[in-house]
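Below: the structure, in structure tokens.
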Amino acid sequence: AGSRGSPRCRSRQRARGMECEDGVIILEEKPSEEFEPTEDEVRNYAEWLGMDPEADKDLMYLAREGLKAPLTDGWKPCQNAENEIFYFNFETGQSSWDHPADETYRALVQDKKRVKRETTTTAPGGKAG
């Protein structure tokens, strides 16, 4: 089935707890203060977010922050019978292959890159935006 979603899924979770129908297991999220991503994980996630780890060194903090972002509002990590990680919101019934914070961080990265581009392409005192 290959890996779907963000690279954050693999090392972030601790498998324990309830098993649901269809072999789905509800995982327990490791608290962000206990989770410290490796440089490789940060780099992979940065690329997945649309960053160039060399050209966007100044934005790498966003990748680290995104990997450590906690789940909110009813979201829980789950694992299906094929050992694939997905996220399920027990309040809304919504499910996602990607961590709910991923889109927020993707948008943030695009925003910061756009500002950076505009800052370098406009003359000093020129209007960016």
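In terms of heavy-atom proximity, L49 sits nearest to A63 at CD1-CA, 4.1 Å.
Each of K68, E65, R64 was scored for a side chain to side chain contact (heavy atoms under 4.5 Å, CB included) with V42, with one residue passing: R64.
D111 places no side-chain N or O within donor-acceptor distance of the main-chain N or O of A107, the cut-off being under 3.5 Å. N89 contributes a side-chain N or O that, together with a main-chain N or O of T92, makes up a donor-acceptor pair within less than 3.5 Å.
Atom-to-atom distance recorded for M51:CE and Q110:CD is 9.0 Å, nearest 0.5 angstrom. To the nearest 0.5 Å, atom CG of residue L62 and atom OG1 of residue T104 are 11.5 Å apart. Separation of atoms CG (L108) and CD (E103) is listed at 12.0 Å; rounding is to 0.5 Å. In this structure, CD1 on I85 lies 9.0 Å from CD1 on I25, to the nearest 0.5 angstrom. Put simply, OG on S96 and CZ on F86 are 10.5 Å apart, with the number rounded to the nearest 0.5 Å. Note that CG of D102 and CG of L67 are 8.5 Å apart. Values are rounded to the nearest 0.5 Å.
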Q: Using the side chain to side chain contact (heavy atoms under 4.5 Å, CB included) rule, take W75 and Q94 through it: C-alpha gap first, then chi angles, then the decisive distance, then the call.
A: CA-CA 9 Å; W75 286 99; Q94 185 183 358; 3.8 Å; yes
Q.
The test is salt bridge (Lys or Arg N to Asp or Glu O under 4.0 Å); show your working for E91 and K76 and say whether it passes.
A. CA-CA 10 Å; E91 291 173 14; K76 294 264 184 218; over 6 Å; no
**Q.** Steps toward side chain to side chain contact (heavy atoms under 4.5 Å, CB included) verdict (F88, V24)
**A.** CA-CA 11 Å; F88 186 79; V24 169; over 6 Å; no
Q: For W97 and E84, run side chain to side chain contact (heavy atoms under 4.5 Å, CB included): C-alpha distance rounded to whole Å, both residues' side-chain angles, the deciding distance at 0.1 Å, then the answer.
A: CA-CA 9 Å; W97 289 110; E84 294 173 312; 3.5 Å; yes
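In K112, the NZ atom is not crowded: 12 or fewer heavy atoms of neighbouring residues, nucleotides or ligands sit closer than 6.0 Å. Atom NZ of K116 has more than 12 neighbouring heavy atoms from other residues, nucleotides or ligands inside a 6.0 Å radius.
For the pair W48 and R106, the minimum side-chain heavy-atom distance is below 4.5 Å. Two residues are said to be in side-chain contact when any heavy atoms from C-beta on lie closer than 4.5 Å; L71 and P77 meet this criterion.
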